[in-house]
Structure formats: structure tokens, C-alpha cells
Amino acid sequence: MNLSDVKSWIKQNNLRSVEDAWLEAIETNEPPETFYTVLQALTAAGHDATATTLATMAVGEFVEKRPPAEALKAVRGFLPAAPPSDELRIAAAELYRKALAGTEHLDVFLAASGLETNCSLRRAIAAMDICLCARLGSYLVNPHESGQVLRVERFDAAGKVFELTDPHGGRIELDPPSLADDYRCTADNDFRVLASFRREQLPDLLAGDPGAVLTGICMAHGGQIDAGALKDLLVPKYLDAGAWSGWWGRARTAVKKSHQLVLEGRSPAVVKYHPHGLSLEEELAPRLGEARTPADLYAVALEYLAQAPHRDTPLDSGFSRGIMNTLAEQARQFRQRRPTDALVATLAIEALVRGGLPHPQSQHPSAAEAVAELSDAAASIAALSDAALRDAALDALALRSDAAEQFTRLFPRLGVESLDDLARRAGGSVVDAAMRAALADPVTHLQTLLWLWRGPAEAIPNCPPPLELLPRVLGAGETVAREILDDRDFRRESFHHIRSALVADDCRTFRKAAAAMTEGVGAAMKRRVERNDALSESTRPRLLAILRERFYKLFLETKVAPWLDETVLWTTEGSLRSQEAVLKELEEITLPANSKRIGEAAEKGDLSENSDWLYAIEEQRRLQAKVSALKGDLVRSRVLHADDVPADTVSVGSRVTLRRCSDGSETDISLLGPWESDVATRIFNYQTPLALSLMGKRIGQRAVLKLEGAEEEYEIVALSAAIDPAGRVKP
């Protein structure tokens, strides 16, 4: 029955079509829920007579064509939605008598429930449910309020009431309809029952049978509960906070062994309860039905192999072979159109066979054949998220004639955890090229750089020590924070990888770098760690604590005047960017060009008399010294902002108005960093003797200065910032 069509016909008052669809549904044995929905729609639209007629017709058909118990189950599923009708009441009561012949107190129950009198069908059938499930010692729970639980003590047939007790021993008497209004039958291990009537048993159950407790908790929470809510429920009322982790681990194990409990998701994990139990194959069937790609199928198969041992059931050959045959078919079909998917299918087959699943019943390409056919093998292998599949793909890649080229392309695409496996297969020349690329461009080759930082499994010749790698690791974070603004995913992932590498193994490599630092380098690194936006509020303190252990004096809170702090080089934002550009040009253009000239000169023969070679070598030393000095300055550099400049004393960044005492003439000078210094425009380096003789002085104080070639006394008459709020030098 198409419910959308039926609802539309009801709105159009096309009741003939509704009746035809109803009769067809009876013939095709559609579930009770379908009939329930139609009856609801009819009564909501005011067609009570039609609803009564259709319900009576259905009851008659079910009684005639089905066994009594099955007919009763179907009728109970839809009758509560039917309008009140004497005919329906009589038919339903007779069906109860046929299906439940021999049940104690049955006639009393029918009378007490109101099914044969004026009680609504919904309430009467709910009352009959209570009557049939409520036995001596069973429990009833109120699902609408606080989860109050009652225990059944007896049924008084004469008074047609149930005698019950509450958890405190209070006595209650309720007739079946009143009881059905607020209570439902529940199992003895429902957590609400355990917490109310069996509380003394809870400690033993929690310790010895976590699965039973989880089952009861799921019953009490609509069939499922997530790990967070579960912890809130149990801790600290039933479990100490320190015992939670161990108990949750045992509970997860119990779930894996249960046929009724299933654990889904990760953050948070959700425990679900299936009253009638599901086989592992039944649990995985929905996921298998939704699987469209080889990766999806492989994930289902891995879950199957992982869960089967906990269920103590053998692998189902039909279920297993279905997965394997589908993978083999995909490996063949995708070979031309989707070679990457064909690769995943082939690798998955080989991995699953090793795991215990049967071989497919049809032929499929081997891993070597699948890899050989990839136009961009590096990209396809990098896309493999499963380490076992990727490892097998690398073995197959090594058989290609262009393996070295593909391995080289793979280095910047794989994560740190995969690079040892790649390096072992790639060979020394490929690894050396990857190392040089990472040192030249840390952001593009971040994973390779972090692999070098954490230490390859097999030592690499000429690999820089940790202290030389540290500025590049920190610099990569600074570059990403400063320049990669639009790609949030890349920023987040880069920051995560950098932080993880720095703190790995209790900051092992950072400790090695710190042990090799001088105090000056330690001060510079302290500054970089403090201001590095790639570091988190948990990572930064750990690194600074290591530096504090090594260089305690750097962390003493002695105030040093800004112009005297040798660990800082003050500059404007514009000058900093300009110097970074100079360094980049030196490293990426000037030095490579010099190396090329050295090579060309060396080809001319005897080096002892080769002036071109000697000049190029001398130029290389000069350039390398310049690069080293510039890097040192950049490490110490700190951007000056207008807000940093005090208004009442001369400091770094001040514009000072001076009056010459001899003739009263005035002049302005600015005190900025060495990169901004320009005597022609009266911008002086704050580190020069002239600037230092003014530092710390206030308006009205005097100093002897050598300006315009002669030493004379000057008075400070005004102070302001030499840079504007945007960080630009004022003209």
C-alpha cells in the first residue's frame, strides 16, 4: 500500500480508492503498522465510519486466514487507531479468548480492561497487555515521569485490581486501565529495577557482569545510550571516578561478545540494545548493503574479521564469499575506468585472504598488475588510508621501471608514519633528494621535515641534527600561520602535525636540540616558541619548561630595557617581510646560481689555478655567512607596534623633537631598528651611541648629541610614536 497515495485520496475524499488499497494490503499481508497509519489518517479527517468498517473487515480477514495467536498480534498492532465500535470490541474480545484459551483470569482481565464495555480501544488493549505480562514478582515502570518502578504482589480477581509495592515498601492498588495509563511491564534487569528494588546487587553486577548492566541501562533509556551519558549515570553514584576507565574497557569487551548489544560510533560511542539479538552478519548487513566502493566493502570485511572472534561463531561462508566475489568483480570492472578503485579492490582481496576470508570464485588482477596500470601511481597510493594496503602497494610499486620517480613523488604525499616504509624501498638517492627538498621548502614537504625531526628508522647520511632542524620546524609553523589564511583544513592539519612532532616521546627530539643550544640560541628559541601561533596552549608550556631547565636565567623576571635586550631585534612589519624576502632570494636563487657556477668552473680543469672557481668558492663563503647572519637576526626579530612606544619617555620607536640650546632651533629624529635606519631622513638605529644617549629620558631633560657634524646640547621638547597604528614609519 502506497501510504502517500492513500493519504492524498483521504484528503480528496476518494474513499473508494482507499478501500481498494486496504483490501489489497490485507491480501498481501502488509504489516500492522501500515493499517494503523491509514486508520489514523481516516479518523483525523473525520471519516470514523469508514475507519470502523475497514478495521472490522481487517479483523475478520485476519481471524479467518491466520492462526489465532498471529491474528491477535496483527490486530493489537492497529486496533488502537480505530474509532470506538461495539462490533470491534466483540471481535477483539473473542480473538483474545481463542488465542489465549486457558490463561488464568482471562475473563476477569477482559472485563477489568474495559475491552467489552465503554473503555477506548487504545486504553483497553494497553490494559490487556498489562494484565497478561504482570505476574507475581514482575516489575512495572512509569516511562513518563521519573521512572518510578512498582513490583506486582498479586492480582485480586474479586476486586479486579493489582496489588503492588513501591521501592520503599508502600502498598498500592490499581485497576488494569489505571495501571496501563502510567506503567509498562519491564524486565528484571532493567536498570530502573536494579536501582530501585535490587540496589544491593548492583556492585556485584557492575564488577562481574558489565554486559547485563549495559543491557538494563539501554532498556531504561529507549534502547541506547552514549558513553558520555553512561558515565554521568554511573559516576560517582555507582562507580568511583577512578574506576570508570577500567569498567568501560570491560564493558566494551562484553558488548563485543553479546548478541543483543552493539557498539557504534566513536565520539561518543553509542551502545545499542536489540531485544531479540542479531547475528554479526545481520548487524553488518545494512552496512554491506550501503557499501558502494571497494574501500567501503573492505571496511565491512575488516569489521567482520575483528568482531567474529568475540562472538565465538565461525565465519559465514556465504557472507564472506559475497564480499570477496563483489571485490573481484569491482577489480575487473574498474580496471580501465577507475584504476585507483581497481587497485583498492585487488589489495583488499589479498589482505582479506591473509586475514582468513576465502578466495573469490572468479579471476581478478594481481596487485602488481593493478599498480602497473596506474597513470599516476604516487597519487593513487597516497590516497590509500589503510596502512596494510599501502604497504602492499609499495611492494608492487617497486617492480615498476619508474619506481624511483614514483617514490620521489610519494615522499611529500605520505604521512610521517609511512615514510620509514617508503625510505626502505626507495633507496639512498631518492631519500637524499627528499631530505634536500624538505630543507629547502619545509611547508610543502612538512611531513618529510617532521620525519627527519623525529628520526628516521635508518640513519640518513648528512641529515642535519635536531638543533639545525628546529628553526625549520618552527619556521614552517610561522609561515603557515602567517601566509596560509584561506585553507583552514591545511592550517589545522599542519599545526596538529607540528605540535605532535615536537612533543612526541615526551619531547625527546626537542630535548636533544635544547641540550646542544648555547644561551644565546636558547634565548632566541624561547622567543620563537613564545610567539609561534602554530603551537597550542598545551604544547607551548611543555617546550618552555624544557628551555627553563636548561637556561634558568632566561626566565628570571628581571626587567631589561627594550633597547638593551640583546635577545631581541626590534623592527617594523614591513622591514621584517623585506628581510625575509632577501633571505628567500639568497637561498632559492643566489646560492643555487653560485653552486652552478662552481660546478661549471670545476669542469675547466686544475682548480689550483682556476680563478673562476676560486672566486665562486669565495663568493659562496660570503653568501653563506650572510645567510647565517640574516637568519640569526630574523630569529631575534620582534615586530614593533605603535602601542609599544611609551608616551612619556624616549624608547625604541620614539619620534623625538629636540631644541638646540644655543639658538633655539628644533629638529625631529626617529629611533627605530637597524633595518629602518636612514640618516638622510633622520631615522637612527636605536642601538647607536646617539640613540642610547637619549633612551629613557623625559621631556625637559637634556643630552649632548653630535648632529650635523658638531656636538651640542639639546633639550627634549616633545615625544610621539615614529610609526602609525598600521605599523608604517611616519614620514
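None of the values given here were measured: they were computed from a predicted structure.
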Sequence neighbours left out, what pairs pass side-chain hydrogen bond (donor to acceptor under 3.5 Å, both in side chains) with at least one residue falling in residues 208-229?
-> none
Quick one: CD on Gln330 to CG on Asn325, what's the gap to the nearest 0.5 Å?
-> 11.5 Å
Can you name the residues that form a salt bridge (Lys or Arg N to Asp or Glu O under 4.0 Å) with Glu350, not counting sequence neighbours?
-> none
Quick note, side-chain hydrogen bond (donor to acceptor under 3.5 Å, both in side chains) partners involving residues 381-397, not counting sequence neighbours, are Tyr298-Asp386, Arg390-Ser418, Asp391-Arg425, Asp395-Arg425
Closest heavy-atom contact between Arg400 and Leu374?
-> NH1-O, 2.9 Å
Results of ring-ring contact (aromatic ring centres under 6.0 Å, His included) for Phe411 - residues two or more places apart only = Trp451
Heavy-atom closest pair, residues Arg332 and Ser362 = NH1-OG, 2.8 Å
Sequence-distant partners of Arg424, salt bridge (Lys or Arg N to Asp or Glu O under 4.0 Å), two or more places apart | Asp421
Sequence neighbours excluded and cut-off under 3.5 Å, please list the side-chain donor-acceptor pairs for residues 583-593, or say none.
residue, atom, partner, partner atom, Å
Glu587, OE2, Lys631, NZ, 2.9
Thr590, OG1, Glu585, O, 3.4

Considering residues at least two apart in sequence or located in another chain, which fulfil the ring-ring contact (aromatic ring centres under 6.0 Å, His included) criterion with Trp248?
-> Trp244
Applying ring-ring contact (aromatic ring centres under 6.0 Å, His included) to Phe319 and not counting sequence neighbours gives Tyr304
Would you call Asp506 and Arg511 a salt bridge, taking side-chain N to carboxylate O under 4.0 Å as the test?
-> yes
On the 0 to 90° scale, with breaks at 30° and 60°, tag the Trp22-Phe35 ring pair as parallel, tilted or perpendicular.
-> perpendicular
Which residues pass the side chain to side chain donor-acceptor pair (under 3.5 Å) test with Ser500, sequence neighbours left out?
-> none
Which residues satisfy the ring-ring contact (aromatic ring centres under 6.0 Å, His included) test with Phe510, sequence neighbours excluded?
-> none
Considering residues at least two apart in sequence or located in another chain, which fulfil the salt bridge (Lys or Arg N to Asp or Glu O under 4.0 Å) criterion with Asp341?
-> Arg338
Non-neighbouring partners of Asp232 that pass salt bridge (Lys or Arg N to Asp or Glu O under 4.0 Å), sequence neighbours left out | none
Are Tyr273 and Val262 close enough that some pair of their side-chain heavy atoms sits under 4.5 Å apart?
-> no
